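Remarks on the structure that follows.
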Amino acid sequence: STTCASGSSKPSLAQGVRHCLMYLQLCEREPPFSVRWARDHLRALLAGSSRLDLLALLDAVPTDVAHSIPQDLSALAAERKILWKEICQDFRDVIK
């Protein structure tokens, strides 16, 4: 088990948010194939916080746009990155 600098084994909300924001930057650079996968990863990063309302807000971000994410990466990479930029901003709006 790891211990945070504060001496607590439970990560702080600020640490979770910082990790989420870094993860979203990564998603913008290298978009994942699933919005649900990204959302679930954000939930895992924030799981140690006591902010259940924040987790519920993450659940409210639509994941049904995944079917509209182009899978032909070579032909539609730019379009896919634009879509992920919007998705990441939706998640940032919730987290901040």
Side-chain angles (χ1 to χ4, degrees):
S1 167
T2 60
T3 303
C4 298
S6 65
S8 170
S9 62
K10 192 175 196 179
S12 72
L13 178 60
Q15 288 172 315
V17 167
R18 188 172 55 251
H19 288 132
C20 286
L21 295 175
M22 288 187 305
Y23 175 71
L24 290 171
Q25 286 177 342
L26 177 64
C27 286
E28 283 186 10
R29 283 193 309 268
E30 299 293 331
F33 289 101
S34 166
V35 177
R36 179 165 289 150
W37 178 64
R39 187 213 45 214
D40 289 349
H41 192 80
L42 293 171
R43 285 179 56 82
L45 290 170
L46 294 170
S49 78
S50 58
R51 294 280 313 273
L52 296 177
D53 58 324
L54 185 59
L55 298 178
L57 289 171
L58 281 175
D59 286 341
V61 174
T63 58
D64 58 350
V65 297
H67 69 277
S68 67
I69 296 174
Q71 296 301 314
D72 182 356
L73 301 181
S74 60
L76 300 170
E79 181 181 339
R80 190 167 182 260
K81 284 195 173 210
I82 290 169
L83 177 61
W84 268 98
K85 187 172 183 146
E86 294 171 10
I87 292 167
C88 288
Q89 188 57 52
D90 288 345
F91 282 127
R92 274 190 202 91
D93 291 344
V94 169
I95 293 169
K96 288 182 176 182

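Worth saying up front: this structure is predicted, and the values here are computed from it rather than measured.
Residue L26 holds its CG atom at 13.0 Å from CG of L21, rounded to the nearest 0.5 Å. In this structure, SG in C88 is found 10.5 Å from CZ in R29, a value given to the nearest 0.5 Å. Once rounded to the nearest 0.5 Å, the distance linking CH2 of W84 with CD1 of I87 reads 4.5 Å. Once rounded to the nearest 0.5 Å, the distance linking CG of L24 with NE2 of H19 reads 13.0 Å. For the atom pair CG of L58 and CZ of R39, the computed distance is 8.0 Å after rounding to the nearest 0.5 Å. To the nearest 0.5 angstrom, L45 atom CG is 11.0 Å from D40 atom CG.
No salt bridge links E30 with K81; every basic N to acidic carboxylate O contact stays at or beyond 4.0 Å.
Here the closest non-hydrogen pair linking G16 and L46 is C-CD2, 3.6 Å.
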Let's go through L42 and V94 carefully: what are the C-alpha distance in whole Å and the side-chain angles of both, what is the deciding distance for side chain to side chain contact (heavy atoms under 4.5 Å, CB included) to 0.1 Å, and is it a yes or a no? CA-CA 11 Å; L42 293 171; V94 169; over 6 Å; no
Let's go through R92 and Q25 carefully: what are the C-alpha distance in whole Å and the side-chain angles of both, what is the deciding distance for side chain to side chain contact (heavy atoms under 4.5 Å, CB included) to 0.1 Å, and is it a yes or a no? CA-CA 10 Å; R92 274 190 202 91; Q25 286 177 342; 4.3 Å; yes
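H41 places no side-chain N or O within donor-acceptor distance of the main-chain N or O of W37, the cut-off being under 3.5 Å.
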